[in-house]
Amino acid sequence: MSIYKEGDVVKAKITAIEKYGAFASLDEEYSGLIHISEITYKFVRNITDFVEIGDEINVKILNIPQEKNQLRLSAKDVNNNLYKNKKSKIKETVFGFYLLKTALPNWIKEKMEEINKNC
């Protein structure tokens with residue numbers, strides 16, 4: 001008999017990630033799969049945009065198979081925002097575009113000379 005029941009919302013730790021979903025452990029005895037369609041209502045191209053191994057998130061128990069401790073889990077309705085914006089922002093240096101601005105006239109001059117030489 002399970003200590004959990006369908007509809008329970010519990011904490012789970014992400015233990016593995018596959019293309020089709022993320023595996024999560026509830027405790028020493030129970031674990032389950034959060035299918036890619038149960039991660040969020042948003043389009044999921046890459047699961048690691050939403051969860052990573054070691055993350056602890058809330059999950060809802062959708063189904064408890066009879067003789068297994070493998071649960072079907074969902075993160076959709078119980079997490080506000082799992083999205084991890086991993087895109088690195090461009091950091092502007094102290095010089096910014098100054099180096100390009102100073103080098104550009106010389107590059108143009110050199111290219112024009114090359115073009116004129118080949119004509």
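If you're wondering where the values come from, they're calculated on a predicted model, not measured in any experiment.
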**Message:** Using the rule given for side-chain contact (heavy atoms from CB on, under 4.5 Å), can you reason through L33 versus Q70, listing the C-alpha separation, both sets of side-chain angles and the distance that settles it, and then say yes or no?
**Reply:** CA-CA 7 Å; L33 172 68; Q70 298 287 323; over 6 Å; no
**Prompt:** About how many Å separate CD of E113 and CG of N118, when rounded to the nearest 0.5 Å?
**Reply:** 12.0 Å
**Message:** Minimum heavy-atom separation for I3 and Y30, please, with both atom names.
**Reply:** N-OH, 3.9 Å
**Request:** Report yes or no: do V59 and I17 belong to one cluster of Ile/Leu/Val/Met/Phe/Trp/Tyr joined by side chain heavy-atom distances under 4.5 Å?
**Result:** yes
**Same apolar cluster (I L V M F W Y, side chains within < 4.5 Å links), I34/V44** = yes
**Message:** Contact between L26 and I61 at the side-chain level, heavy atoms closer than 4.5 Å - yes or no?
**Reply:** yes
**Item:** Inter-residue atom distance F23.CZ - L73.CG, 0.5 Å rounding
**Value:** 10.5 Å
**Request:** Could you pull out the closest heavy-atom pair between A22 and V51, with the gap in Å?
**Result:** CB-CG2, 4.1 Å
**Request:** Please name the pair of heavy atoms, one in K19 and one in I36, separated by the smallest distance, quoted to 0.1 Å.
**Result:** O-CD1, 3.5 Å
**Request:** Check for a donor-acceptor pair, side chain of D55 on one end and backbone N or O of E52 on the other, with a separation under 3.5 Å.
**Result:** yes
**Asked** Say you draw a straight line from CD1 of I47 to OG1 of T40; how long is it, rounded to the nearest 0.5 Å?
**Response** 12.0 Å
**Item:** Any donor-acceptor N/O pair, N79 side chain to N58 backbone, under 3.5 Å
**Value:** yes
**Asked** Quick one: OG on S25 to NZ on K13, what's the gap to the nearest 0.5 Å?
**Response** 8.5 Å
**Request:** Go through the structure and list residues passing salt bridge (charged side-chain N to carboxylate O under 4.0 Å, His left out) with K111, not counting sequence neighbours.
**Result:** E114
**Message:** Determine whether V9 and D77 satisfy the following criterion, side-chain contact (heavy atoms from CB on, under 4.5 Å), listing intermediate values before the conclusion.
**Reply:** CA-CA 10 Å; V9 175; D77 295 322; over 6 Å; no
**Asked** How far does CG of D49 sit from CZ of F43, to the nearest 0.5 angstrom?
**Response** 10.5 Å
**Prompt:** Hey, any chance I53 and I39 share a hydrophobic cluster, counting ILVMFWY side chains that come within less than 4.5 Å of each other, even indirectly?
**Reply:** yes
**Asked** Which atom names give the shortest non-hydrogen contact between Y4 and I64, and what distance separates them?
**Response** O-CD1, 3.2 Å
**E28 atom CD: more than 12 heavy-atom contacts under 6.0 Å** = no
**Request:** Could you tell me whether a side-chain N or O of K76 sits under 3.5 Å from a main-chain N or O of S37, the two making a donor and an acceptor?
**Result:** yes
**Request:** Check for a donor-acceptor pair, side chain of N106 on one end and backbone N or O of A103 on the other, with a separation under 3.5 Å.
**Result:** no
**Message:** Within this structure, what is the CZ-CG distance for the pair R72 and N63, rounded to the nearest 0.5 Å?
**Reply:** 5.5 Å
